[in-house]
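Worksheet for the structure shown next.
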Amino acid sequence: MRHILPATTLAVSLCGWAHADNFVCRSQGGTSPYPVQERADLDHLRYAPVIGTDARIRRFAAYVAVFDDADDDNGDGRADLTANPSFVSYHLRGVQPSSDGQYREPNISITRPNDWYRGEDLSDLWTGRPGITHTRIDDSYDGIGRIWNRGHLAMADHAQRISAEASCNTHFFWNASPQAADFNQGPWLHLETYSAAVSNAAGAAWIVAGPIFDRGREILYIGDAGEVPVAVPHAFFKIIVVETQYGVQARSFIYEHPSQIDAAGDPEPDAPSNDPWVKCSSASNGRHDYDHRDNLVSIANIETRTGLHFQALASVVDRQAVADDLWPIPEQFWSGFICGGQHQH
C-alpha cells in the first residue's frame with residue numbers, strides 16, 4: 001500500500017491566519033452571532049451524493065449540510081421527521097509543515113456553546129406539530145448528554161483551520177446526530193483525527209458523513225414529552241476522498257450504532273460486543289488500539305443503506321470495491337489532538 005504523497009500546492013498556509021486563545025462561541029437566543037457564509041474557495045460538494053431538487057440545503061464556511069425532510073425512512077408507510085441531516089459534506093485542506101517538518105494545527109481554540117444554534121430554517125421540527133411545546137432541539141438532549149452526545153458530522157477542530165467563527169458554526173443542528181457518548185468520544189473521534197492526518201499528507205481531503213436509518217427497522221427517539229423527537233441512527237457512514245498522482249482514492253466506512261429501550265422506557269446505547277466503544281480518554285492508557293479495518297465497506301453498501309447516490313465518485317472509483325486497509329499515514333502528518341495518542345489506525 002503506497003503512502004499518500006503530499007500535495008503541497010493544495011495545502012493551507014498558516015501565514016495570516018487569525019490567532020485566538022479560548023475564543024468563545026456565544027449563543028444569542030439560540031442563534032449564532034457569527035455570519036453563516038460559504039467559502040467560494042472550498043468545493044465542499046465535489047464528491048457529495050446527488051442532491052434532490054426539493055432537498056433542504058444550507059451552506060456554511062466549513063461544510064454543506066442537507067437535512068432530512070418528512071420522508072419515510074423506516075418504510076412503515078408514515079412520514080418521518082428524524083431531526084437528523086441526511087449528510088454533511090466538506091472540503092478539508094491540509095496544513096503546511098513547520099520548519100521542523102511537523103504538521104501543526106493553527107493556534108485557534110474555541111469554547112463551545114452550551115446551547116447549540118437551532119437555526120430557524122429548521123422550525124418545521126417544532127412549529128405546527130401536535131404536542132411539541134419546546135422550540136429548542138437542545139431540550140431533547142438535556143439530562144442525557146452523557147449518554148447521547150450531539151455528534152458532529154463535520155468536526156469543529158477541522159473547521160478551526162478556517163477560523164474560530166467557522167468552528168463555532170459547526171454547532172448547528174444541521175450538523176448533529178445523536179451519538180452514543182462512548183462512540184462519539186472514541187472510534188468516531190479517532191477516525192476524525194485520522195481524517196485530519198490524511199488531509200495533511202494528501203494536501204486536501206473531501207469528507208462525507210451521515211446517519212443511516214435502515215428501512216423496515218424500528219427507529220428510537222430521544223426527547224421527553226413536548227420536546228422535538230430526535231431519531232437515533234442505526235449506524236453512521238463516512239467517506240474520505242483524496243486526489244493523488246495515482247488518481248482519486250476513497251475509503252468508506254460504516255459503524256453500527258445499535259440502541260435499545262431501557263427499564264424506564266428510554267433509548268440507551270447497546271454497543272456491539274464484537275466492537276466495543278472505548279473513549280479516547282480511556283484508550284490513552286495503551287490498553288486499546290483503534291482498528292477501523294473491520295468498518296471498511298464499499299460505497300455501494302452505503303448507497304444501499306442510505307438511498308444516497310454518489311454519482312461524482314462513481315466515475316472515478318470502483319463503487320463495489322472494499323479496501324483491504326486504510327492509507328498508512330506517517331506520524332509527522334498527525335496534528336492537534338490525537339485520540340488515545342494513537343498515530344495509527
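As the structure is a computational prediction, the values presented were derived from the model and not from experiment.
Here the CD1-CZ distance, from I162 to R39, works out to 5.5 Å after rounding to the nearest 0.5 Å. For the atom pair CG (L122) and OG1 (T135), the distance works out to 12.5 Å, reported to the nearest 0.5 Å. How far SG of C339 is from CH2 of W188: 13.5 Å, rounded to the nearest 0.5 Å. Here the straight-line distance linking atom CZ of R217 with atom CD1 of I212 works out to 10.0 Å at 0.5 Å rounding. One finds the OG atom of S252 at 7.0 Å from the CG atom of L296 (value rounded to the nearest 0.5 Å). Atom-to-atom distance recorded for M155:CE and R161:CZ is 10.0 Å, nearest 0.5 angstrom.
Within a 6.0 Å radius of CD in E331, no more than 12 heavy atoms belonging to other residues, nucleotides or ligands are found. For D41, the CG atom counts as densely surrounded, since its 6.0 Å shell holds more than 12 non-hydrogen atoms of other residues, nucleotides or ligands. For D100, the CG atom counts as densely surrounded, since its 6.0 Å shell holds more than 12 non-hydrogen atoms of other residues, nucleotides or ligands.
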Taking it one step at a time, do I219 and H234 satisfy side chain to side chain contact (heavy atoms under 4.5 Å, CB included)? CA-CA 8 Å; I219 298 177; H234 297 130; 4.0 Å; yes
Begin from the C-alpha positions of S259 and D270 and carry the test side chain to side chain donor-acceptor pair (under 3.5 Å) through to its verdict. CA-CA 5 Å; S259 58; D270 184 24; over 6 Å; no
Test side chain to side chain contact (heavy atoms under 4.5 Å, CB included) applied to T244 and Q249, step by step: CA-CA 7 Å; T244 78; Q249 300 180 25; 3.4 Å; yes
Would you check, one step at a time, whether the test ring pair (Phe, Tyr, Trp, His ring centres under 6.0 Å) holds for H152 with H171? CA-CA 8 Å; H152 282 77; H171 298 90; 4.7 Å; yes
Stepwise side chain to side chain contact (heavy atoms under 4.5 Å, CB included) test for I57 and I51: CA-CA 9 Å; I57 183 171; I51 300 173; 3.7 Å; yes
Please walk me through it: do V232 and Y221 pass side chain to side chain contact (heavy atoms under 4.5 Å, CB included)? CA-CA 6 Å; V232 177; Y221 291 81; over 6 Å; no
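W174 and D121 are linked by a side-chain donor-acceptor pair at a separation below 3.5 angstrom, with hydrogens and angles left out of the test. Residues S335 and R104 bring no donor and acceptor atom of their side chains to less than 3.5 Å of each other. Residues N22 and T111 bring a donor and an acceptor atom of their side chains to less than 3.5 Å of each other.
Distance alone, capped at 3.5 Å, is enough to place a donor-acceptor pair between the R251 side chain and the D325 backbone. With hydrogens and angles ignored, the 3.5 Å screen pairs a side-chain donor or acceptor of S195 with a backbone N or O of L191. Checked by atom type and distance alone, the side chain of Q320 never pairs as donor or acceptor with a backbone atom of S298 at under 3.5 Å. Without hydrogens or angle criteria, S32 side chain to Y117 main chain gives no donor-acceptor distance under 3.5 Å. A side-chain donor-acceptor contact under 3.5 Å links N295 to the backbone of I254. Between the side chain of Y34 and the main chain of R26, a donor-acceptor pair closer than 3.5 Å is present. A side-chain donor-acceptor contact under 3.5 Å links H134 to the backbone of G226. Checking side-chain atoms of Y103 against main-chain N and O of A201 turns up no donor-acceptor pair under 3.5 Å. The main-chain N or O of T170 is found under 3.5 Å from a side-chain atom of N175 such that the two form a donor-acceptor pair.
Here the shortest heavy-atom pairing between S140 and E227 reads CA-OE1, 3.5 Å. Taking both residues in full, the closest heavy atoms of F213 and A231 are given as CE2-CB, 3.6 Å, listed atom of the first, atom of the second, then distance. Here the closest non-hydrogen pair linking A159 and S167 is CB-CA, 3.6 Å. In plain terms, the two heavy atoms of S199 and R93 that are nearest each other are OG-O, 4.1 Å. Scanning all heavy atoms of the two residues, the minimum distance from P113 to R150 falls at O-NH2, 4.4 Å. What you find for P233 and N84 is that their closest heavy atoms are CG-OD1, 3.6 Å.
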Name the atoms and distances for all side-chain donor-acceptor pairs under 3.5 Å in residues 304-313, with sequence neighbours left out.
from	atom 1	to	atom 2	distance (Å)
T304	OG1	A300	O	3.0
R305	NE	D214	OD1	3.0
R305	NH1	E256	OE2	2.7
R305	NH2	D214	OD1	3.4
R305	NH2	D214	OD2	2.8
R305	NH2	E256	OE1	3.3
T306	OG1	I302	O	2.7
T306	OG1	L308	N	3.1
H309	ND1	E303	OE2	3.2

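Classified by interplanar angle (parallel below 30°, tilted 30° to 60°, perpendicular above 60°), the ring pair H190/H292 is parallel. Between F236 and F183, the two ring planes are parallel [angle under 30°; tilted spans 30° to 60°].
When the side-chain hydrogen bond (donor to acceptor under 3.5 Å, both in side chains) test is applied to N149, the partners found at least two apart in sequence or on another chain are Q185. Residues that satisfy the side chain to side chain contact (heavy atoms under 4.5 Å, CB included) test with R46, not counting sequence neighbours, are D43, W206, E243. In this view, H257 satisfies the side-chain hydrogen bond (donor to acceptor under 3.5 Å, both in side chains) rule with no residue, not counting sequence neighbours. Under the side-chain hydrogen bond (donor to acceptor under 3.5 Å, both in side chains) criterion, Q260 pairs with E268, not counting sequence neighbours.
Checked for salt-bridge contact, D124 and R129 miss the test: no charged N lies under 4.0 Å from a carboxylate O. Between R118 and D138 no salt bridge is recorded (no basic side-chain N to carboxylate O distance below 4.0 Å).
Put simply, L92 and I329 are part of the same group of oily side chains (I, L, V, M, F, W, Y) that touch within less than 4.5 Å, one to the next. Linking ILVMFWY side-chain heavy atoms closer than 4.5 Å, directly or via other members, places I261 and I144 in two distinct hydrophobic clusters. Clustering ILVMFWY residues whenever any of their side-chain heavy atoms sit less than 4.5 angstrom apart, transitively, puts L220 in a cluster other than the one holding Y141.
Within the structure, the salt bridge (Lys or Arg N to Asp or Glu O under 4.0 Å) test picks out the following pairs touching residues 179-207 (sequence neighbours left out): D182-K279.
Counting only heavy atoms from C-beta outward, the side chains of F87 and P211 never approach each other to under 4.5 Å.
For the ring pair (Phe, Tyr, Trp, His ring centres under 6.0 Å) with F172, the lone residue among F67, Y63, F60, W116 that qualifies is F60.
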